[in-house]
Amino acid sequence: MTNALENRADELRERLHKVQQRITDATAKAGLAEEPTLVVVSKFFPASDVRILHELGMTEFGENKDQEAAAKAEELAEADLHWHFIGQLQSNKAKNVVKYATMVHSVDRASLVKALDKAMAREIEAAEEAGKPARADLDVLIQVDFGEEFSSEQKTAESRSGAQRGGVVPQEISDLARQISEAQHLRLRGLMTVAPLGAEPGKVFDRLREELTTLSETYPDATIMSAGMSHDLEAAVASGATHLRIGSDVLGSRPAVR
Ligand SMILES: *Cc1c(COP(=O)(O)O)cnc(C)c1O
């Protein structure tokens, strides 16, 4: 290894250990037996960082842009990694995303359900034709937006359809869940949220937990609660998150635009 890489490896090891310690402490404080899964959000950072983190034992990585994710997945194809797609996803990118993602956290509309299902059908067919092992169904989460309940932000038609922050309002979860359950190659695994700006994260995450409890009565496979970022992971653990999505506290700060 070059010196620069060694220094980066030292830095990442230290940062990762700090985050892991926070998760351990929060889990103990909540009296929970099991720690949630840490999904390291590697957006903006290079494949070399992902490689270092993989060597430190990490296997779950999150990305929010197809082009960037696809490039990293390809560069690291030989490593046993799981890619989580966590960003706003255009339906026309579904066919790319299913090639590398094992889970899509950000499903928020029927047209995307259709596009992902169709893309999966194509993947499965291609694998069959190539004599490759059958590929498992795609795990998906419904992204929920609690903005209307928790913040003073007024959600305009524009911001709802825009790429800013996705998600369905809680009242729309059951309809979208039914559409996912009717898809051939998608498996509804649970719910995801990003706490709205200005809201108290713990209250938002408690609401997500409540919605997940209701959902899992109809869909027993829906057990995943994806919540918690660098600044609010403790609140997420306390509310029973099963998957934390942590970027900057592991990898460092990104330019503000991302
Ligand atoms: C970037 C991002 C994260 C990670 O955020 P950090 O504050 O860097 O930990 C988590 N979830 C989503 C949806 C993101 O886009």
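These numbers come from a predicted model, not from an experiment. In listed order, ligands and their atoms are each counted from 1.
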ring-ring contact (aromatic ring centres under 6.0 Å, His included) involving His243 - partner list, sequence neighbours excluded: none
Any Asp249 heavy atom less than 4.0 Å from ligand 1: no
Arg254 near ligand 1, heavy-atom distance under 4.0 Å? yes
Checking the N or O distance criterion of under 3.5 Å, is ligand 1 in contact with Gly247? yes
Hey, is ligand 1 close enough to Arg245 that some N/O pair sits below 3.5 Å? yes
Ion pair [X]/[Y], N-O distance below 4.0 Å:
X: Arg187; Y: Asp137; value: no
X: Arg51; Y: Glu55; value: no
X: Asp10; Y: Arg13; value: yes

Just which atoms of ligand 1 are under 4.0 Å from any heavy atom in Ile246? 9 (O)
Residues which pass side chain to side chain contact (heavy atoms under 4.5 Å, CB included) with Glu128, listed by chain and number, not counting sequence neighbours: Ile124
Regarding atom 2 (C) of ligand 1: of the candidates Lys43, Met229, Gln143, which has the closest heavy atom? Lys43
